[in-house]
Amino acid sequence: MSKTVYILNGPNLNLLGKRQPEIYGHDTLEDVEANCRKVAGEFGLDCVLMQSNHEGQIIDWVHEAREKAAGIIINPAAFTHTSVAILDALNAFEGAVIEVHISNVHKRESFRHHSYVSLRADGVIAGLGVEGYALAMRRMGSLLA
Ligand code: DHK
């Protein structure tokens with residue numbers, strides 16, 4: 001059975017492609033999913049992309065991943081900078097974790113420079129646009145081989 005990677009997305013990313021395209025680009029989450037699925041296929045992986053504007057829902061998906069996924073690619077969006085609860089959930093997940101930010105958070109406001117999730121992530125990608133997700137999936141391919 002092929003290994004599954006969860007691709008979890010936090011608040012406002014449902015508007016990807018429409019929201020501040022000068023920062024986040026014109027691609028949608030559907031485009032992200034299609035690109036990730038292509039890369040996952042190259043490595044014999046399966047993937048499921050999910051998005052929620054609610055912190056508890058993201059935590060529930062991380063808990064679900066304990067049983068159903070070998071890796072998590074996560075863009076927690078604004079929760080990156082605020083959520084000890086998502087960090088705690090990820091600390092209870094034993095697989096690989098890669099944190100993705102579409103924008104270069106370090107070039108932006110100082111409140112975006114700190115990430116709770118980075119304390120758990122095995123790797124962090126920032127500022128590579130939506131391509132960051134596909135690159136994270138490629139890395140998952142190596143980590144989960
Ligand atoms: C997305 C968001 O919505 C912001 O709150 C983060 C992140 C950055 C991104 O670059 O993907 O600060």
Side-chain angles (χ1 to χ4, degrees), residues 3-43 45-66 68-144:
K3 292 179 178 169
T4 299
V5 176
Y6 274 16
I7 309 166
L8 302 181
N9 293 277
N12 302 303
L13 288 169
N14 52 312
L15 297 179
L16 193 61
K18 300 180 196 141
R19 159 207 189 204
Q20 295 181 281
E22 69 286 1
I23 296 177
Y24 299 106
H26 292 278
D27 285 349
T28 65
L29 269 192
E30 286 72 31
D31 298 324
V32 168
E33 183 168 27
N35 291 337
C36 283
R37 191 166 299 286
K38 207 185 300 169
V39 176
E42 288 173 29
F43 291 93
L45 298 172
D46 199 5
C47 67
V48 183
L49 184 143
M50 290 170 271
Q51 185 279 329
S52 178
N53 295 324
H54 305 281
E55 189 174 15
Q57 176 64 81
I58 293 167
I59 292 164
D60 287 345
W61 283 331
V62 173
H63 292 175
E64 185 183 288
R66 284 164 49 83
K68 296 196 175 162
I72 296 176
I73 294 170
I74 184 164
N75 182 349
F79 294 147
T80 306
H81 320 297
T82 61
S83 183
V84 175
I86 292 176
L87 170 63
D88 284 350
L90 288 168
N91 278 332
F93 174 74
E94 288 179 1
V97 175
I98 301 180
E99 177 183 352
V100 172
H101 303 288
I102 298 163
S103 65
N104 181 359
V105 282
H106 300 290
K107 211 175 162 187
R108 301 180 64 192
E109 303 97 321
S110 59
F111 64 81
R112 295 184 204 275
H113 297 176
H114 177 262
S115 164
Y116 285 101
V117 169
S118 293
L119 290 166
R120 166 63 180 88
D122 298 300
V124 182
I125 294 174
L128 301 187
V130 294
E131 285 175 62
Y133 288 90
L135 292 165
M137 187 59 79
R138 199 162 282 287
R139 177 65 179 155
M140 277 295 174
S142 320
L143 291 174
L144 303 180

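As the structure is a computational prediction, the values presented were derived from the model and not from experiment. Excluded from the calculations below are hydrogen atoms, water molecules and symmetry mates; all remaining heavy atoms, backbone and side chain alike, are included. Start at 1 and go down the list; that is how both ligands and their atoms are numbered.
With I73 as the partner, the side chain to side chain contact (heavy atoms under 4.5 Å, CB included) test is satisfied by one option alone out of L135, I125, V100, V32: V100.
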Worked verdict on Y133 versus N9 for side chain to side chain donor-acceptor pair (under 3.5 Å): CA-CA 11 Å; Y133 288 90; N9 293 277; 2.6 Å; yes
May I have a table of the N/O to N/O pairs between ligand 1 and the protein that fall below 3.5 Å, each row giving the two atom names and the distance to 0.1 Å?
from	atom 1	to	atom 2	distance (Å)
ligand 1	3 (O)	R19	NH1	3.2
ligand 1	3 (O)	R19	NH2	2.9
ligand 1	5 (O)	A78	N	3.1
ligand 1	5 (O)	R112	NH1	3.2
ligand 1	10 (O)	I102	N	3.2
ligand 1	10 (O)	S103	N	2.8
ligand 1	10 (O)	S103	OG	2.6
ligand 1	11 (O)	N75	ND2	2.9
ligand 1	11 (O)	I102	N	2.8
ligand 1	12 (O)	H81	NE2	2.7
ligand 1	12 (O)	R112	NH1	2.8

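No more than 12 heavy atoms of other residues, nucleotides or ligands shown are found within 6.0 angstrom of CD on E131.
Partners of Y116 according to the ring-ring contact (aromatic ring centres under 6.0 Å, His included) rule, which considers only residues two or more places apart in sequence or in another chain, are H114. Every residue meeting the side-chain contact (heavy atoms from CB on, under 4.5 Å) condition with V48, not counting sequence neighbours, appears here in chain and number order: T4, Y6, M50. The ring-ring contact (aromatic ring centres under 6.0 Å, His included) check on H81 picks up nothing, with sequence neighbours excluded.
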